[in-house]
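Encoded as structure tokens, the structure appears first; notes follow it.
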Amino acid sequence: MQTKINKVLGALLDKIGLYQVLKSIGAEKMASKFSAAVVYAVFSSFALNFFYQPGHVYASGATGAAQVVTELLTRLSGHEILPISVSLVLVNAPLFILAWHGIGKQFTVYTVITVVMSSVFIHFIPVTPLTQEPVINAVFGGAIMGFGVGNAMKSGISSGGTDVVSLYMRKKTGRNVGTLSFIVNGVIIFTAGVLFGWEYMLYSLIAIFVNSRVQDAIFTRQKRLQVMIVTKNPELLTDKLVKQFKHGVTILHDAEGGYTHSSQTVLMTVITMYEYQDFKDIIHKYDEHAFVSISENVRVLGKFAEVED
């Protein structure tokens, strides 16, 4: 019976392409992403259950939307029929499908892991009021959540929510869609005002602001890096970089080392900060003796794909 179930499950995973995706990620990389997801889950659950929930402060994005869904259903039914942990998964479920078909399959796997782990920690860590002061709840909750999100993105994973839609729209149109986050967060803080009083709209706004500032201080997804690689293995590195990121690579032949006077090849490309960790892994794995120079905050004219498998 167990063997039959394994065969059916294996056939299903192979049909939707998940088996090949998991195989392409590899055990070591999956373990690294899983560890990053656990770290994010711990910080997000602490922010939510120690500060946001006790202080009636709403988070930004999908977490805030999950808070809204749970609170509205609780008000209508008279008791909690849908925990925030479950609401978080339900809010993100359609975004998983969008990410799978429109952004990248590896990206989707990482996002699912992150959201599920966050949901698990939120469910099992009890709501524990540390202070009754709403401003302190807003500031500390926003800072902890911002640190968690920034660290997650720095590790190459996404916490889901509007982040997925923004990436999808940037990939399709080449333009940032900050208006989407503004509208979603506007609805969230307005709901906080309606449900708990207009002063709590201000507290939620403070939390969202602190969240975004801390997140930006740790990581900025849209930051683009110009990379120059001096290598003796240009063909191998070029192949791996193009396959991983789908960005163009410029090859400069006949470079000469000023100290050794040996023949070298220089590769130039542009990546995003989101891709930086994967870039480092490729360099370390395929040419650990390469010399790499990185310039931050470069401007790019023309088509530039940001997220690919």
Side-chain angles (χ1 to χ4, degrees), residues 21 25 28-52 59-67 84-85 88-89 91-93 95-96 98-100 103-125 140-168 170-171 180-181 184-185 207-225 271-281 306-309:
V21 174
I25 294 174
E28 183 177 350
K29 188 175 182 180
M30 179 62 76
S32 174
K33 301 295 185 182
F34 183 81
S35 299
V38 170
V39 172
Y40 165 76
V42 171
F43 278 96
S44 64
S45 59
F46 280 0
L48 189 67
N49 290 346
F50 289 178
F51 296 101
Y52 284 159
S60 60
T63 303
Q67 288 179 268
I84 292 178
S85 56
L88 183 62
V89 175
V91 167
N92 278 283
L95 302 179
F96 294 155
L98 178 66
W100 181 268
I103 298 179
K105 294 179 174 58
Q106 288 189 14
F107 171 85
T108 307
V109 170
Y110 303 149
T111 303
V112 171
I113 292 173
T114 305
V115 171
V116 170
M117 290 305 302
S118 180
S119 177
V120 169
F121 275 79
I122 289 171
H123 184 77
F124 287 103
I125 292 179
F140 276 84
I144 293 173
M145 182 67 80
F147 182 85
V149 173
N151 186 72
M153 297 171 72
K154 193 174 182 179
S155 302
I157 60 177
S158 168
S159 56
T162 55
D163 195 33
V164 172
V165 182
S166 296
L167 283 172
Y168 177 80
R170 279 209 306 274
K171 182 179 178 182
L180 174 67
S181 296
V184 172
N185 292 334
I208 291 173
F209 176 79
V210 173
N211 182 347
S212 64
R213 293 304 92 195
V214 173
Q215 179 180 324
D216 287 346
I218 297 174
F219 178 83
T220 301
R221 176 188 294 277
Q222 299 171 20
K223 183 183 293 184
R224 291 167 182 173
L225 311 175
I271 61 174
T272 65
M273 182 64 82
Y274 180 80
E275 299 164 330
Y276 176 63
Q277 187 60 50
D278 288 336
F279 170 80
K280 286 203 308 181
D281 293 341
E306 290 201 6
V307 179
E308 293 283 354
D309 284 345

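Only heavy atoms go into these numbers, but all of them, side chains included; no hydrogens, no water, no symmetry mates.
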Check your understanding: Rounded to the nearest 0.5 Å, how far apart are CG of Asn151 and CD1 of Ile157?
Key -> 8.0 Å
Exercise for review: Start with the C-alpha gap between Thr114 and Thr111, add the side-chain angles, then the distance that decides, and say whether side chain to side chain contact (heavy atoms under 4.5 Å, CB included) holds.
Suggested key: CA-CA 5 Å; Thr114 305; Thr111 303; 5.7 Å; no
Check your understanding: In terms of ring plane angle, is the pair Phe43 and Phe147 parallel, tilted or perpendicular, where the classes change at 30° and 60°?
Key -> tilted
Check your understanding: So how far is it from Ile125 CD1 to Ser45 OG, rounded to the nearest 0.5 Å?
Key -> 3.0 Å
Check your understanding: Does Phe140 CZ have over 12 foreign heavy atoms under 6.0 Å away?
Key -> no
Check your understanding: How far apart are the C-alpha atoms of Phe121 and Asn49, what are their side-chain angles, what is the distance that settles it, and do they pass the side chain to side chain contact (heavy atoms under 4.5 Å, CB included) test?
Key -> CA-CA 10 Å; Phe121 275 79; Asn49 290 346; over 6 Å; no
Point to revise | Beyond-backbone contact of Ser118 with Leu88, side-chain heavy atoms, under 4.5 angstrom | key: yes
Check your understanding: Do Phe96 and Val115 come within less than 4.5 Å of each other through their side chains, counting heavy atoms only?
Key -> yes
Check your understanding: Which heavy atom in Ala99 sits nearest to a heavy atom in Val164, and how many Å separate them?
Key -> CB-CG1, 3.8 Å
When the side chains of residues 30-41 are checked against the rest of the protein, which donor-acceptor pairs come out under 3.5 Å, sequence neighbours left out?
{"from": "Lys33", "atom 1": "NZ", "to": "Ser155", "atom 2": "O", "distance (Å)": "2.9"}
{"from": "Ser35", "atom 1": "OG", "to": "Ala31", "atom 2": "O", "distance (Å)": "2.9"}

Check your understanding: Out of curiosity, Ile113 CD1 to Ser158 OG, how far, rounded to the nearest 0.5 Å?
Key -> 12.5 Å
**Study point:** Nearest-0.5 Å distance that lies between atom CD in Gln67 and atom OG in Ser60
**Key:** 9.5 Å
Practice item. Could you walk me through whether Leu225 and Phe279 pass side chain to side chain contact (heavy atoms under 4.5 Å, CB included), step by step? Key: CA-CA 11 Å; Leu225 311 175; Phe279 170 80; over 6 Å; no
Check your understanding: How many angstroms lie between atom CZ of Phe124 and atom OG of Ser85, to the nearest 0.5 angstrom?
Key -> 8.5 Å
Check your understanding: Once you round to the nearest 0.5 Å, how far does CH2 of Trp100 lie from CZ of Phe107?
Key -> 13.0 Å
Check your understanding: Closest heavy-atom contact between Ile144 and Ala47?
Key -> CG2-CB, 3.9 Å
Exercise for review: Evaluate the side chain to side chain contact (heavy atoms under 4.5 Å, CB included) criterion for residues Met145 and Tyr52: first the C-alpha distance (whole Å), next the side-chain angles of each, then the deciding distance (0.1 Å), finally the verdict.
Suggested key: CA-CA 10 Å; Met145 182 67 80; Tyr52 284 159; 3.8 Å; yes
Practice item. Measure across Gly146 and Val214 and return the closest heavy-atom pair with its distance rounded to 0.1 Å. Key: C-CG1, 3.8 Å
